[in-house]
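The sequence lines fix the lettering, A, B, ..., with proteins before strands; numbering per chain opens at 1.
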Amino acid sequence: MSGKYTEYQQLNLPSISEEILAKWKNENTFEKSVTLREGFPPFVFYEGPPSANGMPGIHHVISRTLKDLVCRYKTMQGFQVKRKGGWDTHGLPIELGVEKELGITKEDIGVKISVEDYNKKCREVVMRFKDKWDDITQKMGYWVDLNNPYVTFENNYVETLWWCLSELYKKGYLYESVSIQPFSPAAGTGLSSHELNQPGTYKDVKDTSAVAMFRIIKNEKLKIKNVDGDMFLMAWTTTPWTLPSNLGLTVGPNIDYVLVKTFNPYTHLPVNVILAKNLIGKYFKPEGENGDFENYKSDVKLLPWKVIAEFKGKDLEGMEYEQLLPSEANTLESIRGIVKDANPFHVMIDSFVTTEDGTGIVHTAPDFGADDFRVGQKNNLGYFTIINNRGQREKLVLVDKQGKFVDGVGEFSGRYVKDYKDEPGYVDVNIDIAVKLKLENRAFKVEKYEHNYPHCWRTDKPIIYYPLDAWFIKTTAVKDRMVELNKTINWKPANTGTGRFGNWLENMVDWNLSRSRFWGTPLPIWKTEDGEEELCIGSIAELNSEIKKAAEVLGGETNKHYLHEGILDLHKPYVDEITLVSPSGKPMKRVPDLIDVWFDSGAMPYAQWHFPFENKESFKESFPADFIAEGVDQTRGWFYTLHALAVLLFDSVAYKTVVSNGLVLDKNGQKMSKRLGNVVDPFATINSFGADATRWYLITNASPWDSLKFDEEGIKEVQRRFFGTLYNTYQFFALYANVDGFAFKEAYIPVKDRPEIDQWILSSLNTLIKDVQDNFDAYEPTQAGRAIEDFVNAHLSNWYVRLCRRRFWKGEYEHDKICAYQTLYECLEILCKLMAPVAPFFADWLFNNLNAVSGRFTNESVHHTDFPKVNETVIDTDLEKRMQLAQDISSLILSLRKSKKVNLKVRQPLQKVFIPAMDSTMEARIKKVEDIIKAETNIKEVDILSAENDFIQKKAKANFKTLGKKLGARMKWAAEQIAAFDNATIDKVLESEYLLNPDHAITGDEPVYITAEDMEVATDEIPGYEVAVKGSLTVALDITITDDLKKEGDAREFVNRVQNIRKDSGFNLTDRIDVTVSENAALQPSIIQYKDYICAEILADSLAFTPAINNGIEIEVNDAILQVNVLKKG
RNA sequence: AGAUCCGUAGCUCAGCCUGGUUAGAGCACUACACUGAUAAUGUAGGGGUCUCCGGUUCAAAUCCGGACGGGUCUACCA
């Protein structure tokens, strides 16, 4: 280890990335970063599998940066972090992509193309962009093990999924029920939400709407008395055909309702109706209030009405009413046929009710609405059943799949609820239902109503919501446990866990697993035709043995293709070809459903290890995860399914910390979309700016969970401002370290033996270490990154390096210089490590550049080193404070120097600056940084005016914070008093307690005592000097330029000019020179007086005057023109 | 529609939890300085009714309520 630090022409981040990437590949740096930690405690990370079916986008880069930096950080902290990659390979996007490519629709599958060929095609395309993904993974520096990834379509993976399902089945968590889904009677098929979101499916249509009246038969809770006639609950519907299926009414718990006495506008009978208070205006005219009830007749237009009671929705809960349209098919017996204790026809409360339209009371037909079904289940309303032709009770809705009423619904049986068949002379059954209600005194208002209603994209006919068979996981059974365990999870940001996720858990419904698609994990359940017997398969071995058993029992052709090798592929159509046999000897076919792909990814903690069939140890070690991170859109996706399955299967969390990152928007805050053409290409970005700048920008610009407005200008800024500065600092170091041959070979000089400024930057550095570590530990990389940035810019570059420049190029290679080198080297070295998690390429590059010469580490890469440990003994907060003071004072002096009035270059020395110290601490602090101030501002003396001086006029300002608490309303008065203090009073307060209102005995107020801490003392004027003020800090500059000062200024100016000549002539830093100068009356005295100083600065062996110079260089020094000759020696 | 996040300088963001009297930083812009870190650096300046309206308080960018605007997720409803 020796030689020179590599110096560069300019910073080229993309080429650094390339160089380091090649090195990593060569040296297996990633693999080693894991194997080197063998035997260390594990830190478990789960990779949320992306789908290689689509191209990677910039939003993938941000979440992967987040994952990567945490894993790298934890590795440096001494953990072993294995990172198994994975691929999500099932699901609708893949199927839709294939359909589009083949130019087919879902209905064509199994007709125009066999399921076998279709799935083969899906399998081909799932990894279509794997190369692109691998490429971005490498280029962005995301370390993940892609050699042994888990792949969700592989048999092993699916087998574990089956095992999970069978475990759930055994626990009674997997059950068959119905879910309310969009359904097209015209097409005879269910529609996915995707299909429903096709453009043009929602159309404005006019439908017959009805406000139906439900007669109350029990109101024990409300105890309304003295009411003449019947009481009714009013409920509005735009689909009167659902009224025979009504099983309940729902009200909002906190909505105000009223009971109104009035007449039925159709039958003119006296009635009392209940509706939401703020919807009265929809049904009653104001002038009819308390109208003429006595003389109301059928021909009176104005309906009299009167509010006779008022109550909250929750007061209505449980109220029972008479069934609206009873018929043979919807009797209580038929309802209780399957749900034995069903309790329909009462009022329920739920939060989904609004008073936007209707009556504030929602007609609830569980068969035909998702909300209705949910509320119905919660309140045990039951649903309809009838006796089928095999004499069994089965659930059946009052409308069949063709969209017509079934038998037993009275006069409506056989009629289509909408005109699905384009029947000539179709009579709308909804109108007939409304008419019937009118005649029976059960309708209050019937009218055409225009609204937006979804239609089938293929037939253009209105869809209905319809109960379809589906398999569910009973997540609600463990809801409390999920809520409880969720509280132990560290959510970043916290409110996603309590808010978005917490609310989601609170309102959880059972997980509908069923998907009627083709490319996915089949539900491993086989059923007999009558549905009496079923079997849930939990492994390939079990299936194979059942295959054989069925072949033996059932004989014939049964499973003949699967007898030799068993099943080879767990997908459709093969699983569907298999017939199993029930205990009673009946054949069983598989239920046709596939499962939700979210189950695939939610089960990855188990399936990635093919648990429990293999790798039991690996699983045990890696469950639950310490850390996961994905986009916030996964809250109800992956985060939920992981959590649900872990709780259901193992009564455990699946992850201890989860970071959810926000969306990446374009620079105008628009969502990126192909349509708008504002999608950022991550490849182009990384190619032009390098991975480090991109990563740094993504992490430091906004907290990961805030949405990020992506703007290339921001990356450029990071490049210049952060990486550029750090690179310059390194270049500076390398330049001089190479001259002096510094290789950190000398013994480490104790920090306390180094100059104040070295102690200061090292103190700041250790404070930074602490800060960065705390922030990384708290999963706040944005704060960590910003702290590093701030240190590099404000402290290291702008202050330490700038002030210490001379130390590097001046003087011999001895104590002070070595201190400077050791200090700057240490800063750079530590910075490499601190930034390594976020900017892995640059950090490693810088580390290698440094270490190649010093050989301080045997590690091949910064990523194999340990994270820096903070050295508390080096931290000196008082030192950091006084350096801040020095910076503030210098800044004030410099601002004075350049003010129009003064306008004196820094190169012109000045004699003195006065700084009033408001207390002894401040005085001591300034004293210690005096030299720094003098050097920085080129001033000879710093005169600290101690606190007791009378020279300056002090001003006191009330400390609102301390006084406000004590004084309250009298604060304003006190502030005025304090502002008016003279020097003597201020001194008194500083010395001891001071009574602010000596007349308190007379006025009768409480005495007010104030102390030093209750005021801030400052000054804004010092007679006869130029003054600048910042807070309580004041500096006064003596701008008198004596003859001596002038001469010294000339000398410095002269030095500067010669230095320029040296530089322009391309001399080396160490070249010695001879200088000849033309005689000049104005400057000669200065140059002669400061000859020694000048020669030392410009490395001149001689400096001589001659009357005239030919071919010299003309220079201008403070308005004088000189000719100069500068000759390099030797 | 509900949940949630956000709204501070032309732009990107701090500050808000824990209220305190000149609201900060960087970028950009303008001017100046520096010239052995030089495709680097420094200093200064302009630029803000802290989205709006109410409330609490001696005091509100900060706490509370409401409105408006934007993002996301969920839902699609009588």
Closest to the A:Y736 side chain, choosing from B:C58, B:A37, B:C27: B:A37
Nearest to side-chain heavy atoms of A:R802, which nucleotide of B:A44, B:G42, B:C58: B:G42
Nearest-angstrom distance from the residue atom CH2 of A:W491 to P of B:A3: 19 Å
Side-chain N,O (A:K905) to OP1/OP2 (B:C34) below 4.0 Å: yes
Sugar-phosphate only, base, or nothing, as touched by A:G968 at under 4.0 Å among non-hydrogen atoms: base
Selected nucleotide, minimal atom distance to A:R721 side chain, candidates B:A78, B:A37, B:C27: B:C27
Donor-acceptor pair (no angle test) under 3.5 Å: A:T725 side chain, B:A40 base: no
Below 4.0 Å: OP1/OP2 of B:C58 and any side-chain N or O of A:R970: no
Range-with-range stems for RNA chain B, at least three Watson-Crick or G-U pairs under 3.5 Å: B:1-7 with B:68-74, B:10-13 with B:24-27, B:29-33 with B:41-45, B:51-55 with B:63-67
Min side-chain heavy-atom separation A:D1071-A:N1068 under 4.5 Å: yes
Short side-chain donor-acceptor distance under 3.5 Å, A:Y727 and A:N12: no
5′-ward residue of the pair A:L963/A:N1068 relative to RNA chain B: A:L963
Under-4.0 Å side-chain N/O to phosphate OP1/OP2 contact, A:T782 with B:C13: no
Whole-angstrom distance between B:A59 and B:G69, as gauged at atom C1': 30 Å
Any donor-acceptor N/O pair, A:N997 side chain to A:V1008 backbone, under 3.5 Å: yes
A:E717 side chain, from C-beta outward: closest of B:G26, B:A14, B:U43: B:G26
Pair A:W696-A:E789, side-chain donor/acceptor within less than 3.5 Å: yes
Touch class at under 4.0 angstrom, heavy-atom based, for A:T242 against every strand present: nothing
Sugar-phosphate, base or nothing in reach of A:K716, heavy atoms under 4.0 Å: nothing
Touch class at under 4.0 angstrom, heavy-atom based, for A:Q731 against every strand present: nothing
Touch class at under 4.0 angstrom, heavy-atom based, for A:G714 against every strand present: nothing
Spacing of the P atoms in B:U38 and B:G47 (rounded, Å): 36 Å
Rounded C1' spacing from B:G54 to B:A78 in Å: 35 Å
A:R720 side chain near B:A28 phosphate (N/O to OP1/OP2, under 4.0 Å): yes
Sugar-phosphate, base or nothing in reach of A:V801, heavy atoms under 4.0 Å: base
Nucleotide nearest A:T238 when distance is taken to its side chain, options B:A28, B:A78, B:G20: B:A78
Sidechain-backbone polar pair: A:D596 side chain, A:W598 backbone, donor-acceptor under 3.5 Å: yes
Of the listed nucleotides B:U41, B:A39, B:C13, the one nearest the side chain of A:Q10: B:A39
Heavy-atom side-chain proximity of A:T729 to A:F733 below 4.5 angstrom: no
Among B:G20, B:A33, B:U43, the nucleotide that comes nearest once only the side chain of A:N798 is considered: B:U43
A:R897 (side chain) donor-acceptor with A:L892 (main chain) under 3.5 angstrom: no
Nearest to side-chain heavy atoms of A:T239, which nucleotide of B:A78, B:C13, B:A39: B:A78
Qualifying residues under salt bridge (charged side-chain N to carboxylate O under 4.0 Å, His left out), relative to A:K905, sequence neighbours excluded: A:E1053
Under 4.0 angstrom between A:K709 side-chain N/O and B:U12 OP1 or OP2: yes
5' precedence on RNA chain B between A:T700 and A:W799 (nearest-nucleotide basis): A:T700
Rounded C1' spacing from B:A61 to B:C52 in Å: 14 Å
From CA spacing to verdict: ring-ring contact (aromatic ring centres under 6.0 Å, His included), A:Y697, A:F710: CA-CA 9 Å; A:Y697 167 72; A:F710 186 92; 5.7 Å; yes
Sugar-phosphate, base or nothing in reach of A:D1071, heavy atoms under 4.0 Å: nothing
Residue A:N701, side-chain atoms from C-beta onward, closest of B:U43, B:U12, B:G26: B:U12
Whole-Å C1' distance, B:C64 and B:A31: 47 Å
Out of B:A78, B:U22, B:C58, whichever nucleotide has its closest atom nearest the side chain of A:K972: B:C58
For A:R1072, salt bridge (charged side-chain N to carboxylate O under 4.0 Å, His left out) partners two or more places apart: A:D1101
Value in whole Å for how far the P atom of B:A78 lies from CH2 of A:W236: 7 Å
Sugar-phosphate only, base, or nothing, as touched by A:N1056 at under 4.0 Å among non-hydrogen atoms: sugar-phosphate
